[in-house]
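First comes the structure, then the notes that go with it.
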Amino acid sequence: MRVKQIIISGLILLLSGTGAQAAEMQRVTLHEAIAKGLERNSEARSARFLAESVRSGATAASLHYLPSVTLEEAWSRSDLPVSTFMMKLNQGRFTNQDFDAAKLNNPAPVSDFRTVVSVEQPILVPAAWAAHKAAQRGAERQEAISEQARQQIAFQIFQHYLEVQKAHAQLQASAKALDEARESRRQATVRTAAGLGLKSDELRAATQLAAMEQYHISAANNLTLARMRLALATGGQPGDELDVAEPVQLKRSEQELSGLISTAQRERRDLQASERGKEQADAALLQARSGFLPTVGAVGAWQMNDANSAFARDHDAWMVGVSLRWNIFDGFRTWHGSGQARASRAAAVEQLEQVRKEVSYQVHEAWLRRIEAEKRREVASAAVAAADEAARLLAKRFDNALATMVELLDAQSALNQARANLVESDANLMLATGRLYHSAGIFLKEVQ
């Protein structure tokens, strides 16, 4: 008896501590939990940064046709005849005396500070245009992947929210089972004291009560862990807890199966990512083939040369020009690169087709699972009603010595199991509904 009192006292302390903590605990709706998670969850933040990185790369690729301007400052000193000849000529200090054979063959050392401002302007670069298109499609693909990650994180938060909701229901069911077990033990004790019952009945009732106390402790602990997991999924720190403010109520979809499949083909972000991947492969093939085309560019430069100081001018000059470059033969590298891009495009086409099939299958599966969950919930609800009535009748029969304690405890165990099944069925129905919306690509639209 002493051990049992300690267990009961510990249970009371645990539940009172849990209640005090819950009073201070933050409670959120599903909408608030998802919004918090999408803002603070590290995976969601990582997806946003990655999409931003790819967008910046696409922007950089689009700027290829803008001119590039460079500034160069160089210093050199030499007594090499050709170098000294050119340095003096660039500085505008070349005289007739410098044509003397002795000076030409053995010149004195000359220093030169050279300042050059150059401008390059691409005019026709087919590979750059194709690379920009490929980068754009890559950025769109990454944005679709990022949005799919957001959808997945939102669905995970939804699952954790349901787990907290289910843990609350399990705790309530365990509390009800505990009260019933206490009542059965009280009845058995009264009957034994009156000489109408057996000591074994009292012991069986005590064993049932101990089992329900253990179950209640586990249910309270499961609720704490579910709250911690929800807090972690929404960007909280390890050890934080987040409670639910209201139960999840997702309505049944108004669309039929065919409509949901069509919606999924439009809305699923992973499918959109595959479509952008195929378009990116198209652009990559175009980029590879553009290696057979010529490139045209213009260049201009203004140069200052000085013998003594940087950024100074003894003499200046300018230059402009246009160039055409055509790759006639590069050892078949461009040819084989085009073949590689063509094979990659074919792979992207096949992958896109497979993703479309998978999306249709996933919606179909989620549809059937949702119907299954709805029917199982109806069966579980009817089972609770039947088990509750059976337990009530057996309790009366036991009071009138028309039923044994074993029969009463069996009925209570069946009722406890039916309640647990109903809690599980309720959660599974909401989960199946959410998964159907998730498979159709409209989960965030439905819950927000």
Check: [Y] and [X] side chains under 4.5 Å, non-hydrogen atoms:
X	Y	value
L124	T295	no
F443	I34	yes
S360	Q265	yes
V379	R376	no
K278	R345	yes
T29	V244	no
R48	R45	yes
M212	R185	no

Ionic contact status for [Y] with [X], cut-off 4.0 Å:
X	Y	value
E147	R150	yes
E32	R27	no
K36	E39	no
R252	E254	no
R55	E52	no
R392	E389	yes

Check against side chain to side chain contact (heavy atoms under 4.5 Å, CB included), K133 and E279: CA-CA 9 Å; K133 188 174 182 180; E279 294 171 0; over 6 Å; no
Which pairs would a plain distance check flag for residues 427-442, meaning a side-chain donor or acceptor within less than 3.5 Å of a matching protein atom at least two apart in sequence or in another chain?
{"residue": "N428", "atom": "ND2", "partner": "E424", "partner atom": "O", "Å": "3.2"}
{"residue": "T433", "atom": "OG1", "partner": "R370", "partner atom": "NE", "Å": "3.1"}
{"residue": "T433", "atom": "OG1", "partner": "L429", "partner atom": "O", "Å": "2.8"}
{"residue": "Y437", "atom": "OH", "partner": "K251", "partner atom": "O", "Å": "2.5"}
{"residue": "Y437", "atom": "OH", "partner": "S253", "partner atom": "N", "Å": "3.2"}
{"residue": "H438", "atom": "NE2", "partner": "Q152", "partner atom": "OE1", "Å": "3.0"}
{"residue": "S439", "atom": "OG", "partner": "R435", "partner atom": "O", "Å": "3.2"}
{"residue": "S439", "atom": "OG", "partner": "L436", "partner atom": "O", "Å": "2.8"}

Separation between CD of E241 and CG of L230, rounded to the nearest 0.5 Å: 10.5 Å
Nearest-0.5 Å distance, CE of residue M304 to CD of residue E73: 7.0 Å
side-chain hydrogen bond (donor to acceptor under 3.5 Å, both in side chains) between N421 and Q417, worked out: CA-CA 6 Å; N421 291 340; Q417 184 61 49; 3.0 Å; yes
Under 3.5 Å, which donor-acceptor pairs link side chains of residues 173-181 to any protein atom two or more places apart or in another chain?
{"residue": "S174", "atom": "OG", "partner": "Q170", "partner atom": "O", "Å": "3.3"}
{"residue": "S174", "atom": "OG", "partner": "L171", "partner atom": "O", "Å": "2.7"}
{"residue": "S174", "atom": "OG", "partner": "H216", "partner atom": "ND1", "Å": "2.6"}
{"residue": "E180", "atom": "OE1", "partner": "R419", "partner atom": "NH1", "Å": "3.1"}
{"residue": "E180", "atom": "OE2", "partner": "R419", "partner atom": "NH1", "Å": "3.2"}
{"residue": "E180", "atom": "OE2", "partner": "R419", "partner atom": "NH2", "Å": "2.7"}

Nearest heavy atoms of Q148 and D270, plus distance in Å: OE1-N, 3.5 Å
Shortest non-hydrogen separation from A169 to V423 and the atoms involved: CB-CG1, 3.6 Å
Test salt bridge (charged side-chain N to carboxylate O under 4.0 Å, His left out) applied to E140 - qualifying residues, sequence neighbours left out: R137, R276
Contacts of type side-chain contact (heavy atoms from CB on, under 4.5 Å), residue A127, not counting sequence neighbours: S290
Please confirm whether the backbone N or O of [Y] pairs with a side-chain atom of [X], one donor and one acceptor, at under 3.5 Å?
X	Y	value
R40	L38	no
D388	V384	no
W129	S62	no
E246	L30	no
N221	I217	no

Pairs involving residues 35-69, ordered by first then second residue, that meet ring-ring contact (aromatic ring centres under 6.0 Å, His included) (sequence neighbours left out): none
Intermediate values then yes/no, salt bridge (charged side-chain N to carboxylate O under 4.0 Å, His left out), E275 and R356: CA-CA 10 Å; E275 291 172 347; R356 283 175 175 158; 3.7 Å; yes
ring-ring contact (aromatic ring centres under 6.0 Å, His included) involving F311 - partner list, sequence neighbours excluded: none
